Amino acid sequence: MVLVTPGFSASEEDGCSPVLRDFVEGLARRNDVSIVALRYPGEPGGYRVAGTEVVALGGGGRKGLSKISLMVRATAAVAREARRRSADV
């Protein structure tokens, strides 16, 4: 399963969106879950939190036309994760 969200906790100690994190942690107990975080954390990269793989695109405060490149990267990240995990999107 691939979830796309504006942001996700950058570490186990990060308090970003605790409700979303609890939800994902519950899903990850019985499902193979990946997160594509569009804007937060601000630096792109991959990491593991709450029992799931997170792909951070680091979109931060993109506005205007730069949002288009963020959406292109998001679409590519979702497709990559779906292929890698045989995921439901």
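Computed over heavy atoms, backbone and side chain alike; hydrogens, waters and symmetry mates excluded. The structure displayed is predicted, hence computed values, not measured ones.
- Val55 has its side chain within reach of Glu81: a pair of non-hydrogen atoms, C-beta onward, lies under 4.5 Å apart.
- Side-chain contact check for Val36 versus Leu3: every heavy-atom pair is 4.5 Å or farther apart.
- Closest approach of Leu57 and Ala77 over heavy atoms only: CD2-CB, 4.3 Å.
- In this structure, the side chain of Asn31 does not engage the main chain of Val33 through any donor-acceptor pair within 3.5 Å.
- The heavy-atom pair separating Phe8 from Tyr47 by the smallest distance is O-OH, 3.5 Å.
- Gly51 and Ala28 get closest at one heavy-atom pair: O-CB, 3.5 Å.
- Here the shortest heavy-atom pairing between Leu70 and Gly59 reads CD1-CA, 3.9 Å.
- Although no hydrogens or angles enter the test, the distance criterion places a donor-acceptor pair under 3.5 Å between the side chain of Ser11 and the main chain of Glu13.
- Tracing side-chain contacts under 4.5 Å through hydrophobic residues (I, L, V, M, F, W, Y), one never reaches Tyr40 starting from Val78; they form parts of separate clusters.
- Shown here is Arg30, whose CZ atom has no more than 12 heavy atoms of other residues, nucleotides or ligands within 6.0 Å.
- Not a single donor-acceptor pair under 3.5 Å links the side chain of Ser9 to the backbone N or O of Gly15.
- What you find for Cys16 and Gly7 is that their closest heavy atoms are SG-C, 4.4 Å.
- Under 4.0 Å is where a charged nitrogen must lie from a carboxylate oxygen, and between Arg21 and Glu12 at least one such pair does.
- Note: Glu25 CD to Arg29 CZ = 5.5 Å, rounded to the nearest 0.5 Å.
- To the nearest 0.5 Å, atoms CD1 (Ile68) and CZ (Arg73) are separated by 13.5 Å.
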